[in-house]
Amino acid sequence: MSAHDRTLFAGVDIGGTTTQVVLCDDDLTVLDRAETTTPAARGGQAMVDAALGALAPLLRRVPGRLAGAGVGAAGVVDSAAGRILVASDSFRGWAGFPVTAAVADALGVPAYLDNDVNAFLRGEVSSGAVRGERDVLGIALGTGVGGAVWTDGRLFAGPHGAAGEIGHIPGFGDLGCTCGGRGHLETLASGRSIGARYADRTGRRLTAREVADAAAHGDEDALAVYRAAGAGLARAVVMTAGLVDITTVVIGGGVSRAWHLLEPAVLARLAEEPPVSGHPVRLVRAGLGTDAVPVGAAALARLGTASAEDARPALSASARER
């Protein structure tokens, strides 16, 4: 097969600040990538147009036939309808926007939508640090804390698409959360909260990365903040393992850059309070970096187009019978 005959899948990650785009082959190998600023204040169409604008030169440079496109987006999404249901205040005109229809109309191929953390986990299972694993908890530590669950070789989204969202489960203290609740994991382990917890202890405002730097230089307050974050993550792992018996946890997002601080804190607490199964859970750092969400979106597009192809003969036979 020549390069011009190969099948391509596009993956898009529309974040609040940056939009990442990749073009993959059928094995989900990234052939080219680009990024652009997300025009979050200008509405849904502007955001999709920015993503398509970043994708266009990739399609010109990489020979092949585009078969489908996937989009990972922050917030609550309706994957079946291809729409954003709920978005944060940083997005304007995003909730209710028909993402897949806009992308499909522009590209002339099927388009698919999922929550960005679901896409992150799909990417890591498809071609990342937990490739081929059948039971995985994915945790994304960024401005907030997101979670997703992969069970028996497939994503478990739940009836409302909210399965695995451990960031907003209570039971992690009594601190107020940005969502209005109290005691959520996000109050300990998100980038925003790590900075806030350090300020509570010292009166100094630092970013999560700056707190990590301080910890590396022996700052006891910084070390305590990361130990608390790790302990909270370990508790979330134990809770999830008790419910769905996951065997592996993959952690990504910007906060995971401080892996040298998080990993020992999580493992220490898991040693003290292991899963009820008695079997240790494997803890893994995400391997795809910023490619995880767009690669996962491309994997979703590959799955969707394959499912459509598989269904086509059955539909034709049914039509003949009628």
Side-chain angles (χ1 to χ4, degrees), residues 8-25 27-64 66 68-75 77 84 87-88 90-94 97 99-100 102-104 106-107 109 111-124 126-129 138 140-144 146 190-192 207-209 250-257 285-302:
L8 303 175
F9 295 98
V12 179
D13 170 17
I14 300 179
T17 302
T18 303
T19 293
Q20 309 278 346
V21 179
V22 300
L23 199 57
C24 300
D25 64 13
D27 293 327
L28 298 178
T29 300
V30 176
L31 304 173
D32 206 349
R33 59 172 61 78
E35 70 173 54
T36 188
T37 301
T38 302
R42 289 169 43 203
Q45 190 62 55
M47 284 184 269
V48 168
D49 287 345
L52 295 173
L55 177 63
L58 275 59
L59 292 171
R60 290 194 293 268
R61 288 197 297 260
V62 179
L66 185 67
V71 179
V77 308
I84 306 295
S88 73
S90 61
F91 293 94
R92 181 178 179 183
W94 196 220
F97 186 78
V99 178
T100 56
V103 172
L107 296 176
V109 297
Y112 304 87
L113 174 69
D114 208 345
N115 166 270
D116 57 349
V117 183
N118 288 349
F120 154 75
L121 180 54
R122 189 183 295 277
E124 290 292 336
S126 298
S127 59
L141 304 176
T143 304
S190 71
R192 179 189 294 143
T207 66
R209 181 176 293 185
V250 59
I251 298 179
V255 176
S256 69
R257 294 190 189 100
R285 185 181 184 181
L288 295 179
T290 57
D291 281 348
V293 174
V295 167
L300 178 62
R302 184 181 68 172

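All heavy atoms count here, side chains included; hydrogens, waters and symmetry mates do not. For this chain, numbers begin at 1 and follow the sequence in order.
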Discussion item. The criterion is side chain to side chain donor-acceptor pair (under 3.5 Å); which residues satisfy it with Arg61, sequence neighbours excluded?
Written reply: Asp32
Practice prompt. State, to 0.1 Å, how close Ala301 and Tyr112 come at their nearest heavy-atom pair, and which atoms those are.
Written response: CA-CD1, 3.6 Å
Worksheet item: Who are the side chain to side chain donor-acceptor pair (under 3.5 Å) partners of Asp291, not counting sequence neighbours?
Response: Arg33
Worksheet item: How long is the gap from CG on Leu55 to CG on Leu66, to the nearest 0.5 Å?
Response: 7.0 Å
Response to the item:
Residues passing the side chain to side chain donor-acceptor pair (under 3.5 Å) test with Ser88, sequence neighbours excluded, are Ser90
Output a table of donor-acceptor pairs, distance under 3.5 Å, between side-chain atoms of residues 41-49 and any protein atom two or more places apart or on a different chain; print 'none' if there are none.
| residue | atom | partner | partner atom | Å |
| --- | --- | --- | --- | --- |
| Gln45 | NE2 | Asp49 | OD1 | 2.9 |

Fill in: side chain to side chain contact (heavy atoms under 4.5 Å, CB included) against Ala119, all qualifying residues, sequence neighbours excluded
Val293
Worksheet item: Are the side chain of Glu124 and the backbone of Leu288 linked by a donor-acceptor contact shorter than 3.5 Å?
Response: yes
Worksheet item: Leu113 and Ile84: side-chain contact (heavy atoms from CB on, under 4.5 Å), yes or no, with the steps?
Response: CA-CA 9 Å; Leu113 174 69; Ile84 306 295; 4.2 Å; yes
Practice prompt. Taking all heavy atoms of Trp94 and all of Ala87, pick out the closest pair and write down the distance.
Written response: CD1-CB, 3.7 Å
Worksheet entry | CZ on Arg122 to CG on Asp114, rounded to 0.5 Å | 6.0 Å
Worksheet item: Does the Asp25 side chain pair with the main chain of Asp27, one donor and one acceptor, at a distance under 3.5 Å?
Response: yes
Practice prompt. Can you sort out the partners of Thr19 under side chain to side chain donor-acceptor pair (under 3.5 Å), two or more places apart, ordered by chain and number?
Written response: Thr38
